[in-house]
Number of protein chains: 2
Amino acid sequence: MNEQNVIRALAALAQEVRLRVFRALVVAGPEGMTPGALAAALAVAPTSLSFHLKELTNAGLLMQSREGRNLIYRADYACMGDLMAYLTENCCRGTPCAEAAPSCTNC
Amino acid sequence: MNEQNVIRALAALAQEVRLRVFRALVVAGPEGMTPGALAAALAVAPTSLSFHLKELTNAGLLMQSREGRNLIYRADYACMGDLMAYLTENCCRGTPCAEAAPSCTNC
DNA sequence: TTCATTATTCAATAATAATTGAATTATTGG
DNA sequence: CCAATAATTCAATTATTATTGAATAATGAA
């Protein structure tokens, strides 16, 4: 993950609606959620939710698929892990503390 | 760490200069760096650097102290760890994957 | 095919953030 | 105290982001 991708991901998460959407999808796990379910759970206008889902998806934090007339969004755990690794890279020049290692890659 | 703090921290990091400053300070470790050293290393105008250092500090990501006529900025590793924990909280409803546990708290 | 549902895109407005240069504050040494 | 160094604050401009309502696209069922 390069600097530009990291900035996009951080900017995507740095907004109330998007942070809530992302966290809801992290909790939801592999099943994901539809925009309708997210809109209901978070009380966001559909237009606004669409905008934010697109931002998160463009940033690489979400994956989208279709199931019938519903779309399903899922958190991209690998992207989240890469992001965290980037922030802690070469922490204290490598020693004495280990780098932070996200352990959530098997989702 | 609450939602508002998390958003402030993410927004602070979602900018090229600030991300570079923060990462440089993560690498620098407990010694920290002066604005002058950061300005030289990253080729940023002093005024602009000051603005960004303030943003990062207000977001809780940096700590400031004075040493003679120099100021010293250091990364706040606890804040960074809290931030990462927040993003992965209740990942997949708690199972089957463990939550990401940043291991860089002894810096 | 026609209607209802689900969700997105578009265009306009409102709000927030970044950069620049000039002026100011704080500290140390002569 | 006065000059030099280190860094910040202020004010103006420019650029980016978010929200809203109306219109559009895609799917499935009668």
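The analysis underlying the following values was restricted to heavy atoms, covering all of them including side chains, and did not include hydrogens, waters or symmetry mates.
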Within this structure, what is the OG1-CZ distance for the pair A:T34 and A:R69, rounded to the nearest 0.5 Å?
12.5 Å
Measuring to OP1 and OP2 of C:dT6, would you say a side-chain N or O of A:Y73 lies under 4.0 angstrom away?
no
Salt-bridge criterion met for A:E3 and B:R23 (N-O under 4.0 Å)
no
Distance in angstrom units between A:L53 CG and C:dT9 P, rounded
11 Å
5′-ward residue of the pair A:G68/A:T47 relative to DNA chain D:
A:T47
B:N70 has an atom CG; how far is it from atom C1' of D:dA4, in whole Å?
14 Å
Below 4.0 Å: OP1/OP2 of C:dT19 and any side-chain N or O of B:H52
yes
Let me know the distance between CD of A:E55 and C1' of C:dT9, rounded to the nearest Å.
14 Å
If I take atom CG in residue B:N58 and atom P in nucleotide D:dT9, what distance separates them, rounded to the nearest angstrom?
9 Å
Could you tell me which non-hydrogen atom of B:P30 sits nearest to which non-hydrogen atom of B:R74, and how far apart they are?
O-NE, 2.6 Å
For B:G68, does its backbone N or O pair with a side-chain atom of B:R66 as donor and acceptor, under 3.5 Å?
yes
To the nearest angstrom, how far is A:I72 atom CD1 from C:dT6 atom P?
14 Å
Which nucleotide wins on minimum distance to the side chain of B:L71, given the candidates C:dT5, C:dA7, D:dA7?
D:dA7
Between B:L62 (CG) and D:dT8 (P), how many Å, whole number?
11 Å
Any base atoms under 4.0 Å from A:P35, or only sugar-phosphate, or nothing? Heavy atoms, all strands.
sugar-phosphate
Does A:R18 have a side-chain nitrogen or oxygen under 4.0 Å from the phosphate oxygens OP1 or OP2 of D:dA18?
yes
Rounding to 0.5 Å, atoms CE (A:M84) and CD (A:E89) come to a distance of 14.5 Å
A:R69 has a side chain; which of C:dT8, D:dA29, D:dT19 sits nearest to it?
D:dA29
Euclidean distance, atom CG of residue A:L38 to atom P of C:dT6 [Å, nearest integer]
14 Å
Nearest-nucleotide wise, let me know which of A:E67 and A:A45 is further upstream toward the 5' end of DNA chain D.
A:A45
Distance check needed: C:dA26 P versus B:R66 CZ, whole Å only.
9 Å
Please state whether the base of D:dA18 and the side chain of A:S48 form at least one donor-acceptor pair under 3.5 Å?
no
